Q: 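There's a structure below that I have some questions on.
Model, not experiment: these values are computed from the prediction. Chain A is the first sequence line, chain B the second, and so forth, proteins listed ahead of strands; every chain is numbered from 1.
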Number of protein chains: 2
Amino acid sequence: MAASTGRQTAMPTSEHGTCLAMSDILSRIGDKWSVMIVAQLGQGTMRFSELRRQTDGISQRMLTLTLRNLERDGLVTRTVYPEVPPRVEYALTPLGKTLLGPIYALWDWVSEHQDDIAEARMAYDAGQQEEAPPRKIA
Amino acid sequence: MAASTGRQTAMPTSEHGTCLAMSDILSRIGDKWSVMIVAQLGQGTMRFSELRRQTDGISQRMLTLTLRNLERDGLVTRTVYPEVPPRVEYALTPLGKTLLGPIYALWDWVSEHQDDIAEARMAYDAGQQEEAPPRKIA
DNA sequence: CTGTATCCTGTGAGATACTG
DNA sequence: CAGTATCTCACAGGATACAG
């Protein structure tokens, strides 16, 4: 299990393999929907349409693709019930559940600092306007 | 601050604002280079070319854009020394440093589970080959 | 209900060349 | 050295229609 409770364990920037894996994993969990889906499934097993409804703005196609990728990475299981109106349930694997920790950490960070970021952006954009405008402002 | 396997602080999926902010922030830190740059700067102030050298594979353009975005979000500072051969130094802001925690959490997770994922992928791909090939295999 | 197949667009990002 | 400006291409991802 992870060394976890406390401060950051790793970050030996030397680890080149991990570095490559990082950008790989990050482009997966960093895509538009993966984190949201994992977070949803963190609350329990759900079926396709349920996920679709709860995940605002996702297209059928993207939900399918996202779930397939997560399944391929061993983060979620896909269970098909061969019934007449097909039913498919998705759930986190044990591995998938271990991802919830880091995701929540990120989530907490965002909810804690989103205001700072919004503020920083406004300040930055305002500053840019002063130096930028060879173009008439008003 | 959160840390490990156990229950976490947040995740009231209801928080819609945070949810939107999530996908926003995620698409920033989830892009190909931001996390890597922040991690680099976690080790201290660096200048442009230094970052360029240490960040394998990044193009000049992408480094510039990434840094600009991070600056705009208030995560890094950009200090220009008006010398003859220009020198520009980048460093994490206090806000930027708070991001190191979650990033390290993710980093740890990756270094800990990259093998599981690689394995899961191979297993999945192998399974697909069996059911897939209306196409002759051998 | 749970997908797959197609089409189409925006944009992320590399390569290259030029400037202060 | 540190950047900006273009060009280009690949691909993520939305909309829509069809299928088991």
Q: Could you state the atom-to-atom distance from CZ of Arg52(A) to C1' of dA15(D) in whole Å?
A: 11 Å
Q: Is the phosphate of dG3(C), meaning OP1 or OP2, less than 4.0 Å from a side-chain N or O of Tyr90(A)?
A: yes
Q: So, Thr98(A) and Trp109(B): side-chain donor and acceptor under 3.5 Å apart, yes or no?
A: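 Checked: Thr98(A)/Trp109(B) side chains pair up, N/O donor to acceptor below 3.5 Å.
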Q: Mind calculating the distance between CZ (Phe48(A)) and P (dA19(D)) to the nearest angstrom?
A: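 Result: 18 Å.
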Q: Answer yes or no: are there more than 12 heavy-atom neighbours, outside Glu119(A) itself, under 6.0 Å from its atom CD?
A: no
Q: Roughly how many Å is it from CD in Gln60(A) to P in dA19(D), rounded to a whole number?
A: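 After rounding, the gap between these two atoms is 14 Å.
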Q: Got a donor-acceptor contact below 3.5 angstrom from the Thr55(B) side chain to the Ile58(B) backbone?
A: no
Q: Is any NZ, NE, NH1 or NH2 atom of the basic residue among Arg121(A) and Asp24(B) found under 4.0 Å from an Asp or Glu carboxylate oxygen of the other?
A: yes
Q: Does Val84(B) or Arg47(A) map to a spot on DNA chain C nearer the 5' end, using the closest nucleotide for each?
A: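 Checking each residue's closest nucleotide, the 5'-ward one belongs to Arg47(A).
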Q: Taking only N and O in the side chain of Arg78(A), is any of them less than 4.0 Å away from OP1 or OP2 of dG3(C)?
A: yes
Q: Using whole Å, report how far CG of Leu67(B) lies from C1' of dT4(D).
A: 15 Å
Q: Tell me whether the side-chain N/O atoms of Thr64(A) come closer than 4.0 Å to OP1 or OP2 in dT2(C).
A: no
Q: Please work out if Arg68(B) contacts a base, only the sugar-phosphate, or nothing of the nucleic acid, heavy-atom cut-off 4.0 Å.
A: sugar-phosphate
Q: Write out a two-atom table: protein N or O, nucleotide N or O from nucleotides 12-14 of chain C, distance below 3.5 Å.
A:
| from | atom 1 | to | atom 2 | distance (Å) |
| --- | --- | --- | --- | --- |
| dA13(C) | OP1 | Lys32(B) | N | 3.4 |
| dA13(C) | N7 | Arg61(B) | NH2 | 2.6 |
| dG14(C) | OP1 | Lys32(B) | NZ | 3.1 |
| dG14(C) | OP2 | Ser59(B) | OG | 3.4 |
| dG14(C) | O6 | Arg61(B) | NE | 3.4 |

Q: Could you check how far CD of Glu83(A) sits from C1' of dG20(D), rounded to whole Å?
A: 15 Å
Q: To the nearest Å, how far apart are Arg87(A) CZ and dG20(D) C1'?
A: 18 Å
Q: Answer yes or no: does atom CG of Asp56(B) have more than 12 heavy-atom neighbours from other residues, nucleotides or ligands under 6.0 Å?
A: no
Q: Could you verify whether a donor N or O on one side chain and an acceptor N or O on the other, from Thr66(B) and Asn69(B), lie under 3.5 Å apart?
A: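 Their side chains do not contain a donor-acceptor pair, so the 3.5 Å distance test is not met.
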Q: Within the distance-only criterion (no hydrogens, no angle test), does the side chain of Ser34(B) pair as donor or acceptor with the backbone N or O of Asp31(B) below 3.5 angstrom?
A: no
Q: In whole angstroms, how far is the C1' atom of dC1(C) from the CG atom of Leu63(A)?
A: 13 Å
Q: From CZ of Arg28(A) over to P of dG13(D), roughly how many Å is that when rounded to an integer?
A: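 From Arg28(A) CZ to dG13(D) P: 10 Å.
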